[in-house]
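Worksheet: the structure to be examined is printed underneath.
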Amino acid sequence: MGSRHANEHDPENESNNVNDDGDDDHDYQDYAAVLAYLLRSGRLQFTGHVRHFDDDYSECDRSAACRPEADLNPDTSKIDSSDYKQEVLQYNRCKYDENPYATKSIPKTLLKRTYDDSRTGFTRRDKCAIVSSFLPNRMKVLKSYNSKVFCGSYSKDGTVFMSACQDKFIRLYDTTNGKFKQIREIPARDIGWSIIDTAYSPDGCYLIYSSWSDKIHLCNIYGDYETHTALELNAEEYSHFCVFTINFSNDNREVLAGANDGCIYVYDREKAERILKIDAHADDLSTVVFADSSSHIIYSGADDGMCKVWDRRCLTEVCPKPVGVFAGHTDGLTFVDSKGDSRYLITNSKDQSIKLWDLRKFASKDTVDLAKKAVAQQSWDYRWQPVPRRSNRKKIIKDDPSLMTYRGHAVLQTLVRSYFSPVFTTGQRYIYTGCATGAIVIYDVLTGQVVSKLKGHEGCVRDVSWHPFDNNIISTSWDSTHGLWEYCGQKPYDRDERERELGESDDDSDDDNDDMKSSASRRLRVTSVLDL
């Protein structure tokens with residue numbers, strides 16, 4: 001199949017490493033990378049007849065092919081009979097046949113809390129219901145840069161926001177009390193094409209970043225001193241090496257990384273050396289993450305379409321074997337996010353879907369083989385080609401063990417990321433994701449329906465970050481901006497109007513000036529209510 005990864009490629013970096021021995025394979029890779037860059041940038045265009053990967057596309061067809069098709073009738077049979085639904089109901093303190101997402105009257109909820117002597121505050125269900133009535137719906141441009149923005153994330157406590165840009169700078173912002181004030185600007189080192197990934201240390205005092213290099217760099221967040229240490233992975237045997245994904249272990253001792261050679265790397269900070277290299281996947285490893293705070297279980301996802309589960313306690317380089325494999329996607333994976341409970345996780349894929357998985361239900365060997373075959377048959381390149389028509393058709397791998405599939409967002413151009421919504425404000429009742437159309441898409445985790453499609457960017461939204469305690473989302477887009485999404489009021493609308501809003505029409509209504517003027521007071525009221 002070959003690597004079909006995102007615009008994380010650095011053609012200039014690759015062209016400088018052409019083998020003087022006349023290695024034809026390396027020359028071909030370099031020319032292909034340069035050609036890909038020229039096509040993406042628009043500097044090179046085909047003038048003759050071009051037959052596309054699936055069918056011939058007119059300009060209208062190409063535009064339509066880039067639009068995600070939402071699943072209007074998701075199959076909920078598996079999740080309806082699963083423990084996952086019961087956990088959601090229990091968390092929201094609902095009865096089995098009670099709808100946890102039913103609209104609740106906020107004034108009645110306030111009165112009940114006031115006059116019910118047995119209650120000392122809002123229940124979790126009350127808080128989640130209140131927030132669900134005020135989901136972020138309007139964007140303002142928070143910051144603009146001169147280059148594409150690749151990464152953007154809140155810290156664990158929500159007091160810092162980290163931005164990583166293609167201009168080779170990492171910027172840190174103080175976000176306490178509604179501020180967004182820059183506190184540090186770090187010039188990145190050993191960068192090819194762009195900074196690809198970033199991560200916070202568990203104590204929130206340090207950060208790491210990666211790029212087209214076999215070095216991960218460690219920097220301090222606070223203090224007058226400056227720490228900028230290179231963590232060597234020693235992967236010189238693989239040309240054009242890139243670390244696509246990085247994470248800290250919860251005890252702060254190890255750094256976990258995944259690279260385009262298909263390997264998982266573990267770096268020991270105390271020993272200051274790489275201690276493990278696991279040959280994990282047959283293609284670029286795009287994402288790796290710990291399942292929970294114990295840092296024992298690892299999820300890895302790659303361009304081979306497989307999500308593998310590993311036990312850190314018994315990992316060895318001699319004969320690495322995963323605990324199990326999740327298979328059901330028909331194209332490569334771009335991201336994996338854990339619910340944080342060592343049981344459930346989601347995977348985002350180039351087959352234009354997100355899947356929800358249960359750690360207790362792995363794929364059979366036959367299912368794995370079928371999924372590998374489906375992935376191997378893909379011949380398009382999502383970096384610059386539109387989605388093939390065949391990818392918009394529902395393809396179900398036999399005995400796919402996933403609990404739920406979510407469709408309605410576009411995965412193109414780069415490694416688009418998706419996450420579970422925060423526990424504190426939403427009870428993780430949503431899945432939210434970036435989208436190549438410049439939107440944020442929010443799904444109902446139980447029904448699979450698109451709850452909201454937030455449109456505001458002119459370029460692909462690669463990363464999204466929902467504040468862990470406040471009701472806002474920051475989007476990271478290739479239009480060189482960060483967008484701040486908050487609830488700013490809206491007029492009542494019926495179901496048909498809501499469905500049209502969640503459809504593909506780009507005719508968004510004009511902002512209501514009165515709503516915008518009162519947005520700050522509304523946000524304050526929501527925050528105050530949740531603090532009660």
Geometric cation-pi criterion K350 and Y382, 6.0 Å radius, 45° cone:
yes
What pairs with K168 under salt bridge (Lys or Arg N to Asp or Glu O under 4.0 Å), at least two apart in sequence or on another chain?
none
Residue of the set N252, D251, T229 for which side chain to side chain donor-acceptor pair (under 3.5 Å) holds with R269:
N252
Determine, stepwise, if the pair D203 / S201 fulfils side-chain hydrogen bond (donor to acceptor under 3.5 Å, both in side chains).
CA-CA 6 Å; D203 58 10; S201 63; 2.5 Å; yes
Extract all donor-acceptor atom pairs below 3.5 Å that involve side chains of residues 290-297 and protein atoms in other chains or at least two apart in sequence.
from, atom 1, to, atom 2, distance (Å)
D292, OD1, S294, N, 3.0
D292, OD1, S294, OG, 2.6
D292, OD2, S342, OG, 2.1
S294, OG, H296, N, 3.4
S295, OG, N250, N, 2.8

Going by atom types alone, do R462 and T414 pair a side-chain donor with an acceptor below 3.5 Å?
yes
Aromatic ring centroids of Y200 and Y206 under 6.0 Å?
no
W380 and D331 side chains, donor-acceptor separation under 3.5 Å:
yes
Quickly, which of T334, I354, V336, V464 forms a side chain to side chain contact (heavy atoms under 4.5 Å, CB included) with S418? Name it, please.
I354
Kindly state each residue pair satisfying salt bridge (charged side-chain N to carboxylate O under 4.0 Å, His left out) with at least one member in residues 188-197, sequence neighbours excluded.
D197-R417
Quickly, which of K148, H457, H482 forms a side chain to side chain donor-acceptor pair (under 3.5 Å) with T476? Name it, please.
H482
Contacts of type salt bridge (Lys or Arg N to Asp or Glu O under 4.0 Å), residue K355, not counting sequence neighbours:
D400
Using the benzene-type ring in the case of Trp, are the ring centres of F150 and W478 under 6.0 Å apart?
yes
Is any side-chain N of the basic residue among R343 and D341 closer than 4.0 Å to the acidic one's carboxylate O?
no
Please give me the minimum heavy-atom distance between R274 and Y267, naming the atom from each residue.
N-CD1, 3.6 Å
Would you please indicate yes or no on a ring centroid separation below 6.0 angstrom for F180 and F161?
yes
Ring centroid separation Y443 to Y430 under 6.0 Å
no
For R312, enumerate each residue passing the salt bridge (Lys or Arg N to Asp or Glu O under 4.0 Å) test, keeping only those at least two apart in sequence or located in another chain.
E254
Verify the ring-centre separation between F420 and Y84: is it less than 6.0 angstrom?
no
Can you check ring pair (Phe, Tyr, Trp, His ring centres under 6.0 Å) on H228 and Y209, steps first, answer last?
CA-CA 11 Å; H228 207 139; Y209 66 88; 5.7 Å; yes
Could I get the full list of salt bridge (Lys or Arg N to Asp or Glu O under 4.0 Å) partners for D358, not counting sequence neighbours?
R360
Are more than 12 heavy atoms from other residues, nucleotides or ligands located less than 6.0 Å from atom CD of E185?
yes
